[in-house]
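Inspection log for the structure reproduced underneath, given as structure tokens.
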Amino acid sequence: MTTDRTLFDYLLRLADSDLILAQRLGEWIGHGPVLEEDIAFANVGLDLLGQARMWFAYASEVETRMNGRGRTEDELALLRDGGDFRNLLLVEQPNGNYADTIARQFYFDVWHELLLTRLERSADARIAEIAAKALKEVTYHVERSTDWIIRLGDGTDVSHARMQAAIDVLWPYTGEMFTADATDRALTGDGVACDSESLLAPWRERVGAVLCEATLTLPSAEWMQRGGKQGVHTEHLGHVLAEMQWLQRAYPGAQW
Amino acid sequence: MVSMESIAPIVADTSRLDAAWHALERVADPEIPVVSIVELGIVRDVALRDGKIVVTVTPTYSGCPATEVIAADIERALAAAGEGDCRIETVLSPPWTTDWIATAAKNRLAEYGIAPPGRRRAEASRTVDIRGLQRRRSDAKVTCPRCGSSMTREQSRYGSTPCKAQYRCDDCLEPFDYFKPH
């Protein structure tokens, strides 16, 4: 059964994954391989940041209902410690080379599009309308990252090798997207959230089809990393948060 | 019999709303000065609530950096019209679409040098079909706003702003922005 507590946690999971991935993409600004890609990743990150804000804004309202006062978007994004972040482990992985970034983005985008399509029909009207708005942008994200997987996979020997390596290294972080814990089950039961486990089959099918088209091999390893949704993170998140949060922590209440 | 005293407030309210709409129609988009935020469909409604003007807006792209600037411009325009004590509310649904952009505004975009958006792709084609992905999916022919040729190509899906794509005309060889259907 949905409670404010479980709803709040669920919203933070959505917001945090968008936020951390946006932050990672922002690291490419000024370092993209070509100008168009520099701009493209900045814009994809901007879309995700805007979506994170919508999830945070709703989370803030739910927290107000729960505790009398809800933290602002800035407080939620910039003043929580790593153990309180609920993002997927996948999005905190480092940018690496371009293939690493594309692989991470592709895995995430395919899941993100499937998830938002389901959330568009959420029993929670606000979740449904945020999902509807986000889906318009994410539809393009998945098209873009799919395009790049194919171009790099079915590219030169060097791009193919790097793309395959990236696909293999990030594979163990994909399973977490399809796990369900008590929070997920409570919200799914009420039709507020979607059944994450049911997204696995369509995700595998699409990823498999794209990798095949890209002449890449779908990894077969079964063991998956998990913990991000529950606040147990890799060593990478600390570095991401240090860069993202230092200014607000050094100058509390700073405003543009 | 209706008295003048009961009509006057209604007339005053209506003229306040008219004045507010009029002020908003003169607020230009910060990035595209030839179109107003009303023509872009960003302003969804103007109402009077508890004696205050309330403007309802819909954000365009989720991360549009102009959102705060537009809000500030709305407040400034309404303050100049004597409605300093106004409020701005955001609605997400229905999601903003370029289909809401007035035709006159689209023409002005072209004159300004930005190719206006075509209609959005139908919902059914939104599903990513792997077979279509090796060729870059393109919208219906985009006309060069400078020379009118349809021999144009997309160079980057993102242009000077998130809502625009970078195109190039193979005829006159000039680059231009395309306002993407959204």
Side-chain angles (χ1 to χ4, degrees), chain A residues 18 22 34-55 57-58 109-110 113-114 117 120 125-126 128-151 154 205-214 256, chain B residues 44 57-69 71-72 89-100 117 120-139 153-168 175 177 180-182:
Chain A
D18 286 348
V34 291
L35 182 60
E36 287 81 5
E37 283 305 300
D38 202 288
I39 292 171
F41 267 142
N43 278 283
V44 171
L46 201 57
D47 285 344
L48 292 171
L49 188 60
Q51 291 163 27
R53 291 194 62 186
M54 291 194 283
W55 295 123
Y58 187 25
D109 287 340
V110 178
E113 202 233 11
L114 288 168
T117 304
E120 237 188 339
R126 184 73 163 273
E129 67 181 18
I130 293 174
K133 177 130 190 79
L135 190 52
K136 293 172 73 157
E137 293 148 12
V138 171
T139 300
Y140 177 57
H141 297 175
V142 72
E143 191 183 305
R144 206 189 106 73
S145 51
T146 300
D147 214 20
W148 272 112
I149 291 277
I150 298 170
R151 288 166 73 179
D154 191 15
E205 195 188 313
R206 287 189 189 191
V207 168
V210 172
L211 293 185
C212 178
E213 189 73 28
W256 279 112
Chain B
R44 304 300 300 146
V57 297
T58 299
T60 55
Y61 282 70
S62 298
C64 172
T67 308
E68 270 91 14
V69 175
E89 285 178 355
T90 303
V91 293
L92 296 177
S93 178
W96 181 80
T97 165
T98 49
D99 288 350
W100 289 349
R120 281 186 65 213
R121 286 193 287 261
E123 287 308 308
S125 69
R126 196 177 66 193
T127 311
V128 177
D129 180 351
I130 175 64
R131 289 163 300 175
L133 280 167
Q134 282 214 297
R135 286 178 309 286
R136 188 173 283 281
R137 246 199 319 190
S138 57
D139 301 312
R153 69 169 84 187
E154 180 185 278
Q155 298 203 288
S156 171
R157 190 62 70 100
Y158 293 107
S160 54
T161 60
C163 55
K164 305 211 249 359
Q166 179 83 9
Y167 266 68
R168 183 178 179 268
D177 272 331
K180 292 178 287 190
H182 189 63

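Scope of the values below: all heavy atoms of this structure, side chains included, with no hydrogens, waters or symmetry mates. A quick note: this is a predicted structure, and the numbers were derived from the prediction, not measured. So that the names make sense, note that chain A is the first sequence line, chain B the second, and so on, each numbered from 1.
- For a residue to count as touching a neighbouring chain, one of its non-hydrogen atoms must lie under 4.5 Å from one of that chain's; by this rule B:P59 touches chain A with backbone and side chain alike.
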Requested in this report: Step by step, work out the salt bridge (charged side-chain N to carboxylate O under 4.0 Å, His left out) result for A:E36 and B:R157.
Outcome: CA-CA 8 Å; A:E36 287 81 5; B:R157 190 62 70 100; over 6 Å; no

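- When each of A:A128, A:A22, A:G45, A:G50 is checked for heavy-atom pairs under 4.5 Å with chain B, A:G50 comes out on top.
- When B:S62, B:C64, B:P162 are each tested for a side chain to side chain contact (heavy atoms under 4.5 Å, CB included) with A:L46, only one passes: B:P162.
- Between B:E68 and A:R53 there is a salt bridge, since a side-chain N of the basic residue sits under 4.0 Å from a carboxylate O of the acidic one.
- No more than 12 heavy atoms of other residues, nucleotides or ligands shown are found within 6.0 angstrom of CD on A:E205.
- Closest of all the heavy-atom pairs between A:E137 and B:T60 is OE2-O, 4.4 Å.
- Of the atoms belonging to A:V44, heavy atoms from both backbone and side chain fall under 4.5 Å from chain B.
- The OG1 atom of B:T58 lies 8.0 Å from the NZ atom of A:K133; values are rounded to the nearest 0.5 Å.
- Only the backbone of B:T161 comes within contact range of chain A, with heavy atoms under 4.5 Å apart.
- Residues B:Y158 and A:F41 place their aromatic rings such that the two centres sit no closer than 6.0 Å.
- Here the straight-line distance linking atom OG1 of B:T97 with atom NZ of A:K136 works out to 4.5 Å at 0.5 Å rounding.
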